[in-house]
Amino acid sequence: MPRYNPATIEPKWQTYWETHRTFACPRLPKGRKLYVLDMFPYPSGDGLHVGHPEGYTATDIVCRWRRMLGDSVMHPMGWDAFGLPAEQHAKRTGTPPRATTERNIANFRRQLKMLGFSYDWDRELATTDTDYFRWTQFIFLVLFDTWYDEAQGRGRTIAELPIPADVKHQGDDAVQRYRDEHRLAYQLEAPVNWCPALGTVLANEEVQGGVSERGGHPVTRIPLRQWMLRITAYADRLEKDLDKLDWSESIKLLQRNWIGRSTGAEVDFFIGAQPLAASQPKEFDAWVKSRRKTGFPRKAGDDVLRVYTTRPDTLFGATYMVVAPEHPFVERLTTPEQAKAVRAYCDRAARKSDLDRTDLAKEKTGEFTGSHAINPVNGEAIPIWVADYVLISYGTGAIMAVPAHDTRDFEFAQQFKLPIVAVVDPGDDPAVDRDAVLAGRQCSIADGVAINSSDAYDGLATSEFKRKITEDLTAAGQGRGAVNYKLRDWLFSRQHFWGEPFPILHELDAAGHPTGRLRAVPANELPVDLPAAMTFDAAHASPEPPLERAPADWLYVEIDGKRYKRETNSMPQWAGSCWYYLRFLDPRNDRALVDPEIERAWMPVDLYVGGAEHAVLHLLYARFWHKVLFDRGYVSGDEPFARLVNQGMILGEMEFTGYQDSSGDWVSASQVASTADSGFVVKKTGAQVKPVKLAADAVEKQGDAFVLKNNPTVAVDSRAYKMSKSRGNVVNPDQVVADFGADSLRLYEMFMGPLEAVKPWSMEGVSGVYGFLNRVWRMILDERADAVALNEAVADAEPTPEQARMLHKTIKAVTEDLGQLAFNTAIARMMEFVNFFLKESVRPRAAMEGLVLLLSPFAPHLAEELWQTLGHEKTLAHEPWPSFDEALIKEDVVEVPIQIQGKLRARVEVPAEADAAATLAAAKASPRVAELLEGRTIVKEVVIPGRMVNFVVR
RNA sequence: GCGAGAGUGGCGGAAUUGGCAGACGCGCUGGACUUAGGAUCCAGUCCCGAAAGGGGUGCAGGUUCAAAUCCUGUCUCUCGCACCA
């Protein structure tokens with residue numbers, strides 16, 4: 001085996017690791033534990049792309065390194081295997097989703113094993129395994145059995161939910177209904193995002209700008225019975241507990257923004273019992289008096305319109321109110337004269353998709369209801385409008401509009417000529433036109449000083465005003481401080497076949513209609529498996545779940561003489577990934593989702609690596625489930641992932657693009673704009689141009705742009721794009737392994753740049769690290785020999801001081817870089833080592849072995865092969881990590897730069913341990929320095945021993 | 001529009017956190033070996049300049065003995081959010 005040939009050594013060592021169970025992880029950690037987790041992949045039909053091995057290699061390096069440090073390392077892998085594509089494939093071809101899924105998993109498993117990752121494959125699981133989703137269903141039952149106790153700030157079993165006396169009096173059905181209303185898993189008849197093209201309902205977060213996130217298909221809103229999870233109950237804890245996590249600030253911020261906590265006040269505006277036009281001063285006075293006595297009611301009555309505002313300090317500037325078209329008061333508030341217009345408006349709004357309500361609708365729309373409400377702070381009657389810029393799903397679904405200090409209200413007020421009253425003086429900030437704001441010609445949302453807000457408040461700073469008026473409103477029973485979240489409850493049901501069935505039965509009456517009573521499938525009867533015999537209808541395109549057509553023996557159940565129908569919705573793909581990290585710890589347990597002893601020993605995950613695309617949803621959902629499991633005593637901690645790192649996306653190769661107009665003439669890239677439908681036009685004329693891909697040698701750099709080499713007046717675009725099938729720039733890991741080997745792929749992905757950065761792929765870069773691995777091979781082995789033999793330069797010799805320094809410097813640098821996940825610089829240091837030792841005619845065996853061990857986490861196959869050739873019988877996976885001796889790293893003499901006026905002028909060599917005085921003396925003794933200092937007055941001498949000297953002269 | 005991050009050679013990126021800018025790799029140039037080179041080895045490679053020297057980390061200022069690094073302003077790019085009151 002003379003030359004480095006990954007195609008032979010890589011399978012050899014993969015087989016060795018597998019047969020020796022080299023990476024089997026013990027049931028409980030021995031010594032220090034480390035749980036390192038990759039975001040498990042969805043096994044798509046396309047196989048692995050090069051983005052997967054990026055994070056997987058990073059974690060694998062950490063795991064291999066820490067095993068050599070003696071830690072117990074948990075490093076599992078599995079499959080997030082439910083998903084729509086397998087079901088759509090079934091509709092097209094008739095192949096059952098399970099068969100497609102198993103085939104895809106087999107391919108993914110093959111590809112991952114090909115890359116030599118040190119997973120404990122005995123722990124492999126798929127979310128589609130019945131032994132796995134049995135426990136996913138179990139956790140759903142926990143959610144179903146839990147209510148959130150606000151007073152205690154935790155989830156508790158539904159049996160402990162206090163039942164109000166009046167509910168109790170109404171009988172068992174009322175009690176059951178009351179419980180159902182408080183469960184963390186509850187049903188709701190709600191408008192949902194129905195996507196006909198995908199044949200499913202999507203969660204709000206899966207809809208982006210009115211089209212589906214996956215595929216960009218149109219989405220319409222239709223009412224449907226749905227399962228919801230009450231994640232909003234945990235919003236506060238989900239936000240606060242971010243503080244204790246070692247996650248990047250940007251990801252925490254993303255989650256914080258998503259949760260969207262805001263503080264402000266709820267305020268009731270009096271509308272009277274019969275809210276017709278005009279104001280009703282007498283009734284208002286009576287209301288004010290009674291409120292002073294009763295205080296602010298928990299639920300708003302019919303006599304008021306309750307709003308939520310973050311700016312209670314602008315109450316005096318409220319000149320109108322707006323309710324959402326779906327607000328329950330719309331009909332009551334609408335006067336007969338306005339009825340026709342309002343009803344038409346609400347109908348239109350209902351039919352509008354989210355897309356129409358946001359992007360395209362730059363112009364505000366709305367209708368006057370004909371009614372007025374009375375502003376509690378000044379008794380003024382203000383008109384109530386209905387408009388779709390107010391969302392029913394946030395706050396109370398109604399707002400007080402303060403056009404002077406809210407951009408949206410300002411636009412609306414201008415549109416409909418409503419009065420604008422400034423109540424905050426923005427002050428002398430040069431960024432705002434103060435006079436325009438005060439005159440109501442411009443909107444300012446900035447804090448400032450109160451004006452036009454009665455003697456009691458004028459002159460107060462915004463924050464102080466907010467505090468004071470909230471107190472006053474509370475005392476008057478007209479308002480109270482309130483907190484709101486952008487986060488909505490989680491739409492948890494899907495109209496899919498290929499998902500976890502809900503372990504829920506719906507009771508049927510004699511006529512076969514649901515009674516509304518639910519029955520949970522007992523935990524010991526789980527799993528509820530999917531029906532085996534199903535045909536998939538390609539034309540199926542109604543919101544009705546496919547399981548509605550399941551065989552009757554699956555669909556209907558009889559218990560104690562009562563007939564039940566199974567729930568036919570299924571769970572979303574997120575469900576399985578919400579808790580897989582727990583199951584990895586104890587994957588074959590058939591008595592519990594995880595043994596508590598094992599859970600305590602291994603949790604939390606110490607390092608979780610994955611793509612930033614899961615920064616919000618997956619991580620938020622998993623944290624939510626974990627907190628519920630914690631509250632209910634199934635896990636020992638309340639956060640699952642102690643440290644999170646997001647790998648950056650790998651883009652395709654850098655591309656140069658020029659633009660040609662219809663006559664074939666080049667157009668400079670700076671004059672070209674892209675259009676919405678991914679075409680390109682000349683900015684000025686709007687004429688179509690077509691993009692032309694250019695070879696790298698057809699362009700050159702000029703200034704900070706690239707231009708055509710043969711026509712430098714034409715600028716071209718240069719950038720790397722996201723890999724996509726349509727662009728044709730996808731890199732296939734199978735091909736890279738075939739050409740260069742897995743070690744080269746691993747090493748290249750780590751050498752590209754920092755783990756968290758977005759980086760363009762470069763095939764030439766792969767061949768670069770391949771060259772490095774070849775040099776490592778030749779440094780230690782004789783590639784001209786017929787059999788495996790050491791290079792004759794490798795000897796059992798003592799390293800020279802210089803060689804020892806190189807070895808120990810490298811050990812130190814690589815070790816420190818590993819601790820910071822700085823793999824790119826660690827590799828660079830090993831390259832320096834190899835560059836050095838290739839020039840040495842005597843290469844001490846100890847130094848060679850040191851490098852092999854350092855390299856082994858990065859390029860494990862090559863390292864094992866070299867280790868064996870160096871005379872070792874067993875794998876190096878559990879060899880102790882090399883240690884370094886600081887004393888051997890120290891240089892005897894160091895070169896110190898000498899600056900004059902901060903400019904580098906000379907260098908002098910001084911003993912490494914020279915102090916400031918000695919260093920300064922050496923500097924002055926340098927002839928070059930003396931010459932430059934000639935005739936100058938030294939004003940200041942700055943000396944950092946061992947680093948530099950700077951003379952400030954006059 | 002709001003929020004976050006990033007701008008360093010032809011390219012990917014280093015820089016012990018304020019102390020020699022460009023480590024390491026690719027590419028490129030020249031050379032050696034070779035039937036051959038998309039193999040290997042040697043030398044060179046930030047820019048201007050023959051050299052001495054000068055300039056240089058998106059741009060403009062500032063702080064400092066000293067700035068890629070800190071501060072102010074500004075431009076560009078990437079990502080996220082987007083009527084959340």
Side-chain angles (χ1 to χ4, degrees), chain A residues 3 208-209 248-251 253-254 256-258 260-262 264 307-311 314 322 357-359 361-362 364 387-391 393-402 405-409 411-412 445 484-488 612-613 615-616 648-649 651 653-654 696-697 699-701 704 706 718-720 748 751-754 756-769 771-772 774-775 778 783 813 816 822 824-832 835 838 895-904 906-907 939-944 947-953:
Chain A
R3 298 183 61 157
Q208 301 277 322
S248 75
E249 279 310 312
S250 61
I251 293 292
L253 191 68
L254 233 47
R256 282 205 184 90
N257 289 345
W258 192 266
R261 183 189 153 99
S262 75
V307 303
Y308 171 71
T309 177
T310 55
R311 292 294 299 272
T314 59
V322 184
R357 279 176 76 149
T358 56
D359 277 1
K362 286 276 184 286
K364 296 261 186 298
D388 66 5
Y389 82 92
V390 171
L391 308 175
S393 51
Y394 185 80
T396 61
I399 62 156
M400 64 172 201
V402 185
H405 305 292
D406 180 285
T407 330
R408 298 150 301 185
D409 297 343
E411 283 169 15
F412 191 84
I445 58 168
N484 256 295
Y485 301 93
K486 285 197 223 174
L487 185 70
R488 310 293 153 85
E613 66 273 22
V616 176
M649 202 189 335
L651 305 173
E653 299 242 4
M654 167 88 101
D697 56 9
V699 300
E700 64 185 354
K701 186 113 182 199
D704 40 37
F706 280 89
S718 72
R719 57 169 291 191
Y748 173 64
F751 188 60
M752 291 171 87
E756 301 192 57
V758 176
K759 305 161 284 266
W761 184 267
S762 155
M763 224 30 117
E764 281 166 342
V766 185
S767 81
V769 295
F772 164 67
N774 269 290
R775 286 195 293 280
R778 284 198 307 273
E783 67 171 346
E816 287 174 356
N824 54 334
T825 48
I827 294 166
R829 304 313 288 266
M830 291 189 279
M831 287 173 166
E832 290 182 67
N835 290 343
L838 273 174
E895 203 180 54
V896 174
I898 311 300
Q899 300 176 349
I900 293 171
Q901 310 290 57
K903 299 233 179 241
L904 178 69
R907 296 168 212 273
V939 180
K940 190 167 181 179
E941 293 159 341
V942 183
V943 186
I944 315 286
R947 301 288 261 172
M948 50 78 64
V949 175
N950 189 14
F951 295 104
V952 186
V953 299

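Proteins get letters first, then strands, A, B, ... in listed order; numbering begins at 1 in each.
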task = On RNA chain B, check which nucleotide each of A:S250 and A:V769 is closest to and give me the residue with the more 5' one.
result = A:S250
inquiry  = Are A:M400 and A:D409 packed together at the side-chain level, in the sense that at least one heavy-atom pair is separated by less than 4.5 angstrom?
reply    = no
ask   = If you take all heavy atoms of A:A615 and A:L254, which pair is closest and at what distance?
value = CB-CD2, 3.7 Å
ask   = Among B:G3, B:C26, B:C11, which is the nearest nucleotide to the side chain of A:L253?
value = B:G3
message = Using 0.5 Å steps for rounding, measure from the CZ atom of A:R488 to the CG atom of A:L391.
response = 6.5 Å
Phosphate-side-chain proximity, A:K486 and B:C81, N/O vs OP1/OP2 below 4.0 Å = no
key: B:G9: syn or anti, per glycosidic angle within 90° of 0   = syn
message = Using atom P in both nucleotides, what's the gap between B:U76 and B:C59 to the nearest angstrom?
response = 15 Å
key: Least distance between heavy atoms, A:M830 atom then A:F772 atom   = O-CE1, 3.9 Å
ask   = So what does A:G768 touch, heavy atoms closer than 4.0 Å: a base, only the sugar-phosphate, or nothing?
value = sugar-phosphate
query = Of the candidate nucleotides B:G55, B:C24, B:C11, which contains the atom at the shortest distance from the side chain of A:N835?
reply = B:C24
inquiry  = Under a 3.5 Å distance rule, please check whether A:Y748 uses its side chain to pair with a backbone N or O of A:S762 as donor and acceptor.
reply    = yes
message = With a sphere of 6.0 Å drawn around CZ of A:R311, does it hold more than 12 non-hydrogen atoms of other residues, nucleotides or ligands?
response = yes
message = Checking A:M752 against A:N824 for the side chain to side chain contact (heavy atoms under 4.5 Å, CB included) test, could you report, in this order, the C-alpha distance in whole Å, the side-chain angles of both residues, the deciding distance, and whether it holds?
response = CA-CA 7 Å; A:M752 291 171 87; A:N824 54 334; over 6 Å; no
request  = Look at all strands and tell whether A:I399 reaches a base, only sugar-phosphate, or nothing, counting heavy atoms closer than 4.0 Å.
outcome  = base
ask   = What are the two closest heavy atoms between A:I445 and A:H405, and how far apart are they?
value = CG2-O, 3.3 Å
task = Taking atom C1' in both B:U64 and B:C71, compute the distance separating them and give it to the nearest angstrom.
result = 12 Å
inquiry  = Taking only the P atom of each, what is the distance from B:C47 to B:G10 in whole angstrom?
reply    = 7 Å
task = Quick one, give me the B/S/- string for nucleotides 13-19 of chain B, reading 5' to 3', where B means a protein heavy atom under 4.0 Å from the base and S means that only happens at the primed atoms, P, OP1 or OP2.
result = SS-B--B
message = I need the CD-P distance between A:Q901 and B:G54, as an integer number of Å.
response = 12 Å
task = Take atom OH of A:Y748 and atom C1' of B:G25, then tell me their distance rounded to the nearest Å.
result = 10 Å
task = Represent RNA chain B in dot-bracket notation, 5' to 3'. Only Watson-Crick or G-U wobble pairs with both distances under 3.5 Å count; pseudoknot-style crossings use [ ] and interstrand partners use |.
result = (((((((..(((......[....)))((((((.......))))))(((....)))..(((((..]....))))))))))))....
task = To the nearest 0.5 angstrom, please state how far the CE atom of A:M831 sits from the OG1 atom of A:T825.
result = 11.5 Å
Got a list of protein N/O to nucleotides 7-9 of chain B N/O distances below 3.5 Å?
none

key: Gap between atoms CD and P, on A:E613 and B:C79 respectively (whole Å)   = 13 Å
message = Between A:R256 and B:G3, is there a contact of a side-chain N or O with OP1 or OP2 at under 4.0 Å?
response = no
inquiry  = From the set B:A85, B:C83, B:A4, return the single nucleotide nearest to any side-chain atom of A:T309.
reply    = B:A85
task = For B:U17 and B:A82, measure between their P atoms and round to the nearest Å.
result = 40 Å
request  = Select base, sugar-phosphate, or nothing to describe what A:R829 touches, counting heavy atoms under 4.0 Å on all strands.
outcome  = nothing
message = Please evaluate residues A:N835 and A:R775 with respect to the criterion side chain to side chain contact (heavy atoms under 4.5 Å, CB included), reporting the C-alpha separation (whole Å), side-chain torsions for both, the decisive distance (0.1 Å), and the verdict.
response = CA-CA 8 Å; A:N835 290 343; A:R775 286 195 293 280; 4.1 Å; yes
inquiry  = Could you tell me how far apart A:E756 (CD) and B:U78 (P) are, to the nearest whole angstrom?
reply    = 21 Å
ask   = Which part of the nucleic acid, if any, lies within reach of A:S762 when heavy atoms closer than 4.0 Å are counted: base, sugar-phosphate only, or nothing?
value = nothing
message = For a quick check of understanding: with a heavy-atom distance under 4.0 Å over all strands, which category does A:T407 fall into, base, sugar-phosphate or nothing?
response = nothing
Gap between atoms CG and P, on A:D409 and B:A85 respectively (whole Å) = 12 Å
task = Output the single nucleotide from B:G55, B:C11, B:A23 whose closest atom is nearest the side chain of A:A828.
result = B:A23
task = Can you tell me the distance, in whole Å, between the OH atom of A:Y394 and the P atom of B:C83?
result = 13 Å
message = If I pick the C1' atom on B:G12 and the same atom on B:G27, what distance separates them, to the nearest angstrom?
response = 11 Å
query = Can you tell me how far C1' in B:A14 sits from the matching atom in B:A23, rounded to whole Å?
reply = 5 Å
ask   = Under a 4.5 Å cut-off applied to non-hydrogen side-chain atoms, are A:Q901 and A:V952 in contact?
value = yes
query = Between B:C46 and B:A51, how far is it from one P atom to the other, in whole Å?
reply = 14 Å
task = Kindly determine whether A:Y389 and A:I399 satisfy side chain to side chain contact (heavy atoms under 4.5 Å, CB included), including the steps that lead there.
result = CA-CA 10 Å; A:Y389 82 92; A:I399 62 156; 3.8 Å; yes
request  = Take the protein atom NE2 of A:H405 and the nucleotide atom P of B:C83, then report the distance between them rounded to whole Å.
outcome  = 23 Å
task = Quick one: label A:R261 by what it contacts on the DNA or RNA (base, sugar-phosphate, nothing), any heavy atom closer than 4.0 Å.
result = nothing
inquiry  = Please give me the minimum heavy-atom distance between A:T310 and A:S262, naming the atom from each residue.
reply    = CG2-OG, 3.8 Å
request  = Determine the interatomic distance between P on B:G30 and the same-named atom on B:G22; round to the nearest Å.
outcome  = 26 Å
query = Rounded to the nearest 0.5 Å, how far does CG of A:N950 lie from CG of A:L904?
reply = 10.5 Å
task = Report the distance from atom NZ of A:K940 to atom C1' of B:A66, rounded to the nearest whole Å.
result = 10 Å
key: For the student: nearest non-hydrogen atoms of A:Y308 and A:G264, plus distance   = OH-N, 3.5 Å
query = Is the glycosidic angle of B:U63 within 90° of 0, making it syn, or outside that range, making it anti?
reply = anti
ask   = Among B:C24, B:C81, B:G25, which nucleotide sits nearest the side chain of A:E832?
value = B:C24
remark   = Assign each of A:Y485 and A:L838 the nucleotide of RNA chain B bearing its closest heavy atom; nearer the 5' end lies the nucleotide of A:L838
